[in-house]
**Student:** 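Here it is, the structure, as structure tokens.
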Amino acid sequence: MSLTVSPRGTYDIMPDQALAWQWMEINIREILVAYGYGEIRTPIFEHTELFLRGIGETTDIVEKEMYSFTDKGGRSLTLRPEGTAPVVRAYIQHKLHGQGGSTKLFYLGPMFRQERPQAGRFRQFHQFGVELIGEDSPVADAEVIVLAHELYRQLGLTGLEIYLNTVGCPVCRQEYKKALITSLKNSSDQLCPSCRLRLEKNPLRVLDCKEASCQALTAQAPSLHDFLCQDCRDHFQQVRKLLDQVQVKYKIQPKLVRGLDYYTRTVFEVINHDLGAQNAICGGGRYDGLVEECGGPSVPGVGFASGMERLFMTLEQKGLLPAFSRAPQVYIIPLSAELTTVSFEAAFILRQKGFKVELGYAPKSLKAQLKAANKSGAPLAVIIGEDEWQDRQVTIRQMYEGNQLRVDWADLAVQVAQLLPPAEQD
Ligand SMILES: [Zn+2]
Ligand SMILES: [Zn+2]
């Protein structure tokens, strides 16, 4: 352990990068608001029980990855590993179902999972997501899928592909689980160790195991699509028809089940091919039993979550982030200790007028301070020297051209506004 290195799986977003993050977040928020979602900011930690119920006790997240701790009051709390359960908890707590109609909420912020760190994966990472609660129409599913796709498209990504599937409802899935277990049981010694456990606790998850031996077995297994009840079949058909209508392309992936227990009917992922590798940047689906499971009324819901680190990396590597400058417009240079009060006041006056100002704190040589001004990227320097100040004047230097002009102290802000390069003038 080292005091001077951040904990494993965490990282700092430094000021230049923070500007790019802010840009990405502003764009995401704008699009989500345009689709009718309101932002909800839930606590960073919740009662551990919420995630046991809301995510499922047999998932990797709950079994291995949660940051749980007991507080001084003896309560078990957990840093949120995902955003849906907290939003559902807030939906129930604030009785939003009592307002009638559907509720559209989005979140954006850090999440915490103790995963093995690898490229683009962190233990404190960022996600945004939407939850459309109280609506069972397939139009809601299709709208959520289109929103995810449009959002990435509007940010500039081009290599997008939607993977779509249905996992049925608890009724038809029950039949399927039995058939799947029967089919896999005889060759269960060929399953990987995790899947041997899954087969008993959560057999559907064997379907999306990445191990070749497991994939070979499930390729022979019966398909969930053959077990769907009529309602689930119609629902899926309708979702597809809506996506076809607006020409949003998708690929049916019969083995896509997603990691979480709570999905019903529609599940989907958005895959991004922009960086070569096939990365899911977004996943989601319908969760009709979740609100009730978390202690609320029986209302349906659908949503998605999107990791932001990978999205950021893609935007950065494809040059889709605009250039940001933290350079000041004016750099103020006092040439003697006595004049630091004047330079301090000059900064105050110019900042009150709305200029971005940087200030030399101690009177070094003119040469050293001009160097600092140059390094800051400011197009103008205001030099405050003894001679000029006797006449209540200061010098404005245009850093790029090297031109200098003596101006009256009273006219400082007006002169700065006029001398800034056109690109810096509002
Ligand atoms: Zn069904
Ligand atoms: Zn496996």
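Read the numbers this way: they start at 1 and go in the same order the structure lists the ligands and their atoms. Counting from 1, the numbers follow the sequence of the chain as shown.
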**Student:** With distance as the sole test, does R233 use its side chain to make a donor-acceptor pair with the main-chain N or O of L228 at under 3.5 Å?
**Tutor:** yes
**Student:** With no hydrogens and no angle check, do the side chains of Y35 and E150 hold a donor and an acceptor under 3.5 Å apart?
**Tutor:**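 No.
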**Student:** So what does the C232 SG - the Zn ion (ligand 1) - C229 SG angle come to, to 10°?
**Tutor:**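 It is 100°, given to the nearest 10°.
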**Student:** With the Zn ion (ligand 2) at the apex, how many degrees lie between SG of C192 and SG of C214, rounded to 10 degrees?
**Tutor:**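 It is 110°, given to the nearest 10°.
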**Student:** To 10 degrees, how wide is the angle SG (C209) to the Zn ion (ligand 2) to SG (C195)?
**Tutor:** 110°
**Student:** Taking the inter-plane angle between the rings of W21 and F312 on a 0 to 90° scale, is it parallel (under 30°), tilted (30 to 60°) or perpendicular (over 60°)?
**Tutor:**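 Parallel.
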**Student:** First locate atom CZ of R80, then atom CE of M66, and finally report the distance between them rounded to the nearest 0.5 Å.
**Tutor:** 14.5 Å
